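Written below as structure tokens is the structure these notes are about.
Every value quoted in this text rests on a predicted model; they were computed, and no experiment measured them.
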Amino acid sequence: QVQLVESGGGLLQAGGSLRLSCAASGRSITTSVMGWFRQAPGKDREFVAYITWYGGTTSYADSVKGRFTISRDNAKNTVYLQMNSLKPEDTAVYFCSAGSSLSVQPMSYRYWGQGTQVTVSS
């Protein structure tokens, strides 16, 4: 059974930085791609970034490109999301996910963490 546990959320002012972590257990071929998604109140869950465990292939949503960086530590089975120059519109619950395809669609990811709140004040 794959388990994903996020940490690192918080409340901060616009322009600040935050790093989210996602610790994964029970990795397998079905979890070769790790994604970060976010969901703001009243909105659909949206893609933020993904990375592959092997090769480190990455992709970002246009809204975060140049500000967010996804990375992984294979030895620690942990994926990170470094978020810089945060804006109020980045406020959302951020979810870590695991799947087997390079996709920006939430439905392509089989496993999900519980989410961590990020709130950016203006």
Side-chain angles (χ1 to χ4, degrees):
Q1 181 68 20
V2 175
Q3 288 189 320
L4 306 175
V5 179
E6 303 103 330
S7 61
L11 170 65
L12 71 167
Q13 291 188 328
S17 298
L18 205 59
R19 188 177 80 159
L20 305 182
S21 299
C22 173
S25 61
R27 277 175 55 191
S28 71
I29 191 65
T30 63
T31 61
S32 57
V33 182
M34 299 296 294
W36 282 101
F37 289 77
R38 65 187 182 186
Q39 189 166 18
K43 295 189 177 181
D44 293 335
R45 191 166 298 189
E46 66 172 0
F47 169 75
V48 175
Y50 68 59
I51 190 168
T52 58
W53 284 113
Y54 302 102
T57 299
T58 60
S59 180
Y60 296 91
D62 287 343
S63 59
V64 307
K65 206 171 290 185
R67 299 188 299 123
F68 291 10
T69 302
I70 190 171
S71 62
R72 90 284 192 214
D73 185 329
N74 288 43
K76 295 182 178 179
N77 286 346
T78 300
V79 174
Y80 304 98
L81 185 69
Q82 178 66 43
M83 305 185 294
N84 299 327
S85 302
L86 282 160
K87 305 174 182 180
E89 50 264 44
D90 293 318
T91 295
V93 177
Y94 284 70
F95 296 91
C96 176
S97 59
S100 57
S101 62
L102 298 176
S103 174
V104 302
Q105 298 299 325
M107 65 179 65
S108 299
Y109 292 80
R110 181 174 180 181
Y111 302 100
W112 292 86
Q114 80 287 353
T116 185
Q117 177 71 46
V118 173
T119 303
V120 184
S121 62
S122 57

TODO: State which residues pass side chain to side chain contact (heavy atoms under 4.5 Å, CB included) with L102; sequence neighbours excluded, sorted by chain then number.
DONE: V33, Y50, T52
TODO: State which residues pass side chain to side chain contact (heavy atoms under 4.5 Å, CB included) with T78; sequence neighbours excluded, sorted by chain then number.
DONE: S21, A23, K76, Y80
Open item on the list: With a 4.5 Å cut-off on side-chain heavy atoms, are I70 and M34 touching?
Closed with: no
TODO: Go through the steps for V64 and M83 under the test side chain to side chain contact (heavy atoms under 4.5 Å, CB included), then give the verdict.
DONE: CA-CA 8 Å; V64 307; M83 305 185 294; over 6 Å; no
Task: Any Q13 side-chain heavy atom under 4.5 Å of L86 side chain - done: no
- [ ] Run the numbers on C96 and W112 for side chain to side chain contact (heavy atoms under 4.5 Å, CB included), then give the verdict.
- [x] CA-CA 6 Å; C96 176; W112 292 86; over 6 Å; no
TODO: Using a strict 4.0 Å threshold on nitrogen-to-oxygen distance, state whether K65 and D62 make a salt bridge.
DONE: yes
Task: Close aromatic pair by centroid cut-off 6.0 Å: F37 and Y109 - done: yes
TODO: Flag the pair T31 / L4 as yes when at least one side-chain heavy-atom distance between them is below 4.5 Å, and no otherwise.
DONE: no
Task: R38 and V118: CA distance, side-chain angles, deciding distance, side chain to side chain contact (heavy atoms under 4.5 Å, CB included) verdict - done: CA-CA 9 Å; R38 65 187 182 186; V118 173; over 6 Å; no
TODO: Could you tell me whether a side-chain N or O of T91 sits under 3.5 Å from a main-chain N or O of V120, the two making a donor and an acceptor?
DONE: yes
Open item on the list: Show, in sequence, the C-alpha distance, side-chain angles and deciding distance for Y94 and E6, and conclude whether the side chain to side chain contact (heavy atoms under 4.5 Å, CB included) test is met.
Closed with: CA-CA 8 Å; Y94 284 70; E6 303 103 330; over 6 Å; no
Open item on the list: In this structure, would M107 and V2 fall into the same cluster of hydrophobic residues linked by side-chain contacts under 4.5 Å?
Closed with: no
